[in-house]
2 protein chains.
Amino acid sequence: MPPATAAPYQRVKQYLKQGLARGRWAAGALMPSEAELVARFEVSRMTVNRALRELQSEGLVERVQGVGTFARSLDAVSSTLTISDVHEEILSRGHSHEARVHLAREEEASVSVAAQLSLTPGERVFHTRIVHLENGVALQCEDRWVNPAEAPDYLQHDFTQVTPTQILFASTQLWRAVYHIEASRPTRLEARLLGIAANAPCLVVVRRTFSRIGPITAVRLVHPGDRYMLQGEFAP
Amino acid sequence: MPPATAAPYQRVKQYLKQGLARGRWAAGALMPSEAELVARFEVSRMTVNRALRELQSEGLVERVQGVGTFARSLDAVSSTLTISDVHEEILSRGHSHEARVHLAREEEASVSVAAQLSLTPGERVFHTRIVHLENGVALQCEDRWVNPAEAPDYLQHDFTQVTPTQILFASTQLWRAVYHIEASRPTRLEARLLGIAANAPCLVVVRRTFSRIGPITAVRLVHPGDRYMLQGEFAP
DNA sequence: CAGTGGTCTAGACCACATA
DNA sequence: ATGTGGTCTAGACCACTGT
């Protein structure tokens with residue numbers, strides 16, 4: 001369906017991409033200058049400039065003012081890893097999702113929770129603990145703490161019908177998130193809620209999200225290692 | 001150090017980004033058209049077009065020809081996850097790296113290895129098994145199979161001095177990679193090589209990389225759960 | 001039809017690096 | 001001084017959408 005004649009900037013891009021894929025320019029090698037490409041493709045400089053800028057933002061080339069454009073080595077396989085809403089994820093596999101709410105209340109922030117949400121220990125925080133089941137099998141234990149200042153009506157929802165992620169996306173402005181992924185054993189409580197052995201390996205995702213003002217939420221997602229996997233792909 | 005007067009396209013971008021962060025345009029809302037921004041900032045259309053195109057490639061807005069530009073909801077926290085070379089990673093922490101080579105040979109591809117590398121079972125493959133130590137502590141057990149067609153001299157290296165990743169980046173043209181991350185127990189062999197308990201949770205990364213022609217390598221990286229963690233960040 | 005984004009041009013001025 | 005990239009302009013034509 002693409003038109004027989006691709007846009008000029010696309011043709012330039014493709015020419016350079018192919019050359020990179022075929023090793024015409026080794027990593028670090030000097031690539032054609034904008035002027036050369038203008039001559040070769042008989043287009044304006046803005047056009048080749050756009051092609052090169054996009055390759056740069058894709059991480060394929062490096063440009064240095066006053067010097068030139070260089071082929072970049074893909075010395076780090078980097079990929080976009082998407083951590084999406086459990087509900088969507090399960091439905092997208094064509095399976096059924098059920099949420100069991102084990103806890104949904106206001107409590108006093110512990111020292112560690114306070115630190116994560118930039119509160120002082122003892123301040124009020126919302127705390128929910130929900131187990132998500134895929135086709136009746138426990139997939140994830142979600143322990144979440146929410147800064148009341150960011151989502152005052154967080155607890156006024158029916159968590160069996162809507163996930164915390166959905167609530168928070170709708171009611172707050174996400175600005176930044178940090179996370180880490182590790183393998184560890186579940187706590188005793190988590191093991192019981194997930195119905196797994198106490199020493200079963202689990203994939204644990206810990207994530208904190210922030211609005212422009214401050215922390216919104218901290219969450220610990222525990223998945224039985226044999227039921228969950230993160231996947232990704234990288235392609236230029 | 002940035003000049004007092006940022007580039008016009010940067011000013012336009014920043015104006016829009018701030019508006020998005022502050023909720024001036026809710027997710028899905030119609031944003032100013034190019035013409036409006038041209039008038040407001042008194043710049044040419046190419047300039048606001050660039051600002052909008054970049055926001056689009058950053059995933060912050062969605063543009064529909066003939067309709068308009070819309071604020072996107074960040075309904076999936078996605079982040080670039082970088083899987084880098086162990087050697088670099090350890091050195092960047094200021095620690096020492098040591099590689100213990102337990103295996104480096106040519107062997108016949110098993111059914112599963114053959115499938116991963118698009119070979120037929122029984123064909124020759126290179127197989128290395130290396131344990132990487134950080135400050136003397138085992139951090140990663142790397143089991144790697146390499147397609148000889150892509151890197152014929154793979155085995156002619158001293159793996160205590162250079163990592164397979166470095167060799168393969170230098171000698172092949174990476175085109176595509178797929179991976180998954182899971183938590184599981186180590187095999188008995190891996191537990192022994194890493195010096196951990198047989199039921200210790202491990203973070204396992206399985207990755208396959210491809211050139212334009214075909215599979216280059218398949219690798220299984222096993223990390224003791226209490227010594228390794230993947231980290232990431234997301235920010236607009 | 002009018003309004004939107006998609007793209008291109010032919011020139012321009014600037015900052016920077018190298019010789 | 002020359003060559004490189006960084007950026008901007010004022011206009012243009014097109015494809016698409018909705019009324």
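Chain A is the first sequence line, chain B the second, and so forth, proteins listed ahead of strands; every chain is numbered from 1.
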From CG of B:N49 across to C1' of D:dA10 the rounded distance in Å is 14 Å

Could you please name the option among C:dT9, D:dC8, D:dG6 that lies closest to any side-chain atom of A:V43? C:dT9

Taking only Lys NZ, Arg NE, NH1 and NH2, and the carboxylate oxygens of Asp or Glu, determine whether A:K13 and A:E58 approach each other closer than 4.0 Å. yes

Output yes when at least one side-chain N/O atom of A:Y9 is less than 4.0 Å from OP1 or OP2 of C:dT7, else no. yes

Whole-Å distance, B:R11 CZ to D:dT7 P, equals 14 Å

Can you identify which nucleotide, out of C:dT4, C:dT9, D:dT4, has its nearest atom closest to the A:S44 side chain? C:dT9

May I ask you to verify if any side-chain N or O of B:T69 is less than 4.0 angstrom from the OP1 or OP2 atom of C:dG5? yes

Check this one for me: any side-chain N or O of A:S33 less than 4.0 Å away from OP1 or OP2 of D:dT4? yes

Which of the following nucleotides, D:dG5, C:dA17, D:dT7, is nearest to the side chain of B:R50? D:dT7

Between atom CD in B:E62 and atom P in C:dG5, what is the gap in whole Å? 13 Å

Going by distance alone, is a donor N or O of one side chain under 3.5 Å from an acceptor N or O of the other, for A:T217 and A:Y154? no

Enter the distance from B:F159:CZ to B:I167:CD1 here, rounded to the nearest 0.5 Å. 4.5 Å

Side chain of A:E34 only, heavy atoms from C-beta on: which candidate in D:dG5, C:dC8, C:dG6 is closest? D:dG5

Of all pairs that satisfy salt bridge (Lys or Arg N to Asp or Glu O under 4.0 Å), the ones with a partner from residues 33-42 of chain A, not counting sequence neighbours: A:E34-A:R45, A:E34-A:R63

For nucleotides 13-15 of chain C, give me every protein contact, N/O to N/O, under 3.5 Å, one pair per line with atom names.
{"from": "C:dA15", "atom 1": "N3", "to": "A:Q65", "atom 2": "OE1", "distance (Å)": "2.8"}

In this structure, how many angstroms lie between the C1' atom of C:dG6 and the CZ atom of B:R53, rounded? 9 Å

Nearest whole Å is fine: how far is D:dT17 P from B:F70 CZ? 12 Å

Please give, in whole Å, the distance from C:dT18 P to A:L30 CG? 12 Å

Can you list every pair that meets salt bridge (Lys or Arg N to Asp or Glu O under 4.0 Å) and has a residue in residues 150-161 of chain B, with sequence neighbours left out? none

NZ/NE/NH1/NH2 to OD/OE distance under 4.0 Å, A:E54 and B:R53: yes

Is A:D143 salt-bridged to A:R129, cutoff N-O under 4.0 Å? yes

OP1 or OP2 of C:dT7 under 4.0 Å from side-chain N/O of A:T47: no

side-chain N/O B:R63 vs C:dT4 OP1/OP2, d < 4.0 Å: no

Atom-pair distance (CD on B:E54; C1' on C:dT7), nearest Å: 16 Å

What is the distance, to the nearest angstrom, from the CE atom on B:M46 to the C1' atom on C:dT7? 8 Å

